[in-house]
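A, B, ... follow the sequence lines: proteins, then strands. Residue 1 opens every chain.
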2 protein chains.
Amino acid sequence: MARELITRHGGRVTRTRIAVIETLLASDQPLSHDELGSMLAEIDIPHDRVTLYRALDWLVEHGIARRIAGGDRAWRFEAARADGHRHAHFHCDHCGQVICLEHLEPSFSTVLPDGYRVDRAELILHGACASCSPQRSANEPCCPH
Amino acid sequence: MARELITRHGGRVTRTRIAVIETLLASDQPLSHDELGSMLAEIDIPHDRVTLYRALDWLVEHGIARRIAGGDRAWRFEAARADGHRHAHFHCDHCGQVICLEHLEPSFSTVLPDGYRVDRAELILHGACASCSPQRSANEPCCPH
DNA sequence: GTAGTAACTGCAACATTGTAGCATTAAATG
DNA sequence: CATTTAATGCTACAATGTTGCAGTTACTAC
């Protein structure tokens, strides 16, 4: 499965790429570089920080993964769905967790200035997740952090 | 005008804050920290990098300015409109320019999991601006950079 | 299976964006 | 003008990501 995805795009099948793809596919939420790194370490996939960045770059470049800009300034990655389905995301401003909103497809109807071209739309809802919601409204993280 | 905005929120009127507010109000597009810094330097407002960050933080905290996550990982800032109007933004993936789409209000109707609270929605269209559009699709910046 | 080659890795060094701590300056107040 | 404390300007540091390059390894051809 993962091997297939890689060879189909003319890439070499390497330990890191396989593990990254499988981890992304298994996750139900977008993962940051850092989270991915820890998860790879847990399943004993030795890897360098830079290698991981490059593996992710390659996956995004070939449409296997997608890059999402969270509210903080770290990219998050999710496996691209085969059907090209896109969806919006929810970012908890307290703990930084990002979840997918499967049923909310970013749509828009607008007039851009002449000559502009839109490639994709990114819709991010900001707020507080269930574990953070009861607490204060901002600036005071309540989750594990 | 700027002085008023500041005192109304119990802040001290300082060179940097006034200049930042006036620059944001005069700009028709969100500005990054870096762009703001250069603009202040041009009109001979001496300031420290950190001071600028803190001035911007203060403005956002008091609802005078708004923070927007561009596609790259630098914040951009725009003057908050008095009527509370919000709008979507367009981010050029080539040159990084961000423009406001006044007529596109980020709206959504969705069901979030129980306990989640939405504070605001951020809608960012990604693509290529007029000066970059004729060129290649990605990764090859064509603008001044 | 072995050899050759280019893609990938791993390391070190660096770039960008943003924060924290703290001594100093200056805006507001009486 | 004197006092108070918010705001500034350092310096140092943190987080996230990138570049260059030597060494390794996955694939291809034999």
D/dT8 phosphate, OP1 or OP2, under 4.0 Å from B/T14 side-chain N/O: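 Yes, because at least one side-chain N or O of B/T14 sits under 4.0 Å from OP1 or OP2 of D/dT8.
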Ignoring backbone atoms, establish whether A/R17 has a side-chain N or O less than 4.0 Å from OP1 or OP2 of C/dC8.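 Indeed, a polar side-chain atom of A/R17 lies that close.
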With a 4.5 Å cut-off on side-chain heavy-atom distances among I, L, V, M, F, W and Y, is there a chain of contacts connecting A/W58 to A/V60?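 They do share one cluster, since a chain of ILVMFWY contacts under 4.5 Å joins A/W58 to A/V60.
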Just how far, in rounded Å, is [atom2] of [N] from [atom1] of [X]?
{"X": "A/I45", "N": "C/dG10", "atom1": "CD1", "atom2": "P", "value": "11 Å"}
{"X": "A/L59", "N": "C/dC8", "atom1": "CG", "atom2": "P", "value": "11 Å"}
{"X": "B/E35", "N": "C/dG18", "atom1": "CD", "atom2": "C1'", "value": "16 Å"}
{"X": "A/L52", "N": "C/dT9", "atom1": "CG", "atom2": "P", "value": "10 Å"}
{"X": "B/D34", "N": "C/dT16", "atom1": "CG", "atom2": "P", "value": "9 Å"}
{"X": "B/R67", "N": "C/dT17", "atom1": "CZ", "atom2": "C1'", "value": "12 Å"}
{"X": "B/R3", "N": "C/dA27", "atom1": "CZ", "atom2": "C1'", "value": "10 Å"}
{"X": "B/L40", "N": "D/dT8", "atom1": "CG", "atom2": "C1'", "value": "14 Å"}

Nearest to side-chain heavy atoms of [X], which nucleotide of [options]:
{"X": "B/T51", "options": "D/dG17, D/dT8, C/dT5", "answer": "D/dT8"}
{"X": "A/R15", "options": "C/dG10, C/dA13, D/dC10", "answer": "C/dG10"}
{"X": "A/V50", "options": "C/dA28, C/dT19, D/dT19", "answer": "D/dT19"}
{"X": "B/W75", "options": "D/dT18, C/dG10, C/dG18", "answer": "C/dG18"}
{"X": "B/Y53", "options": "C/dT5, C/dT19, D/dC10", "answer": "C/dT19"}

Check: B/I6 main-chain N/O paired with B/R17 side-chain donor or acceptor under 3.5 Å: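 Judged by distance alone, no pair lies under 3.5 Å.
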Just by modelled atom types, is the A/E35 backbone N or O under 3.5 Å from a matching donor or acceptor in the A/S32 side chain?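 Looks like yes, one N/O pair under 3.5 Å.
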Compile the donor-acceptor pairs under 3.5 Å between side chains in residues 45-53 of chain A and protein atoms, sequence neighbours left out, one pair per line.
unit_1 : atom_1 : unit_2 : atom_2 : d
A/H47  : ND1    : A/I45  : O      : 2.9
A/D48  : OD2    : A/V50  : N      : 3.0

Please check if any side-chain donor atom of A/H89 sits under 3.5 Å from a side-chain acceptor atom of A/E122, or the reverse.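 No donor-acceptor contact under 3.5 Å links the two side chains.
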With DNA chain C as reference, determine whether B/V13 or B/H33 sits nearer its 5' end, using the nearest nucleotide of each.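 It is B/H33 whose nearest nucleotide is closer to the 5' end.
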Between B/R12 and B/D57, which has a closest nucleotide on DNA chain C that is more 5'?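 So the residue in question is B/D57.
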At 4.0 Å (heavy atoms only), tell me whether B/R49 reaches a base, stays on the sugar-phosphate, or touches nothing.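 Here B/R49 touches the bases of the nucleic acid.
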What contact category does A/T16 fall into here, base, sugar-phosphate, or nothing, at under 4.0 angstrom with non-hydrogen atoms?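 Result for A/T16 = sugar-phosphate.
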5' precedence on DNA chain D between B/W58 and A/G11 (nearest-nucleotide basis):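 With B/W58 and A/G11 compared, the 5'-side residue is B/W58.
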For a quick check, tell me whether the side chain of B/R54 and the base of C/dG18 share a donor-acceptor pair closer than 3.5 Å.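 Under the 3.5 Å cut-off, the side chain and the base do not form any donor-acceptor pair.
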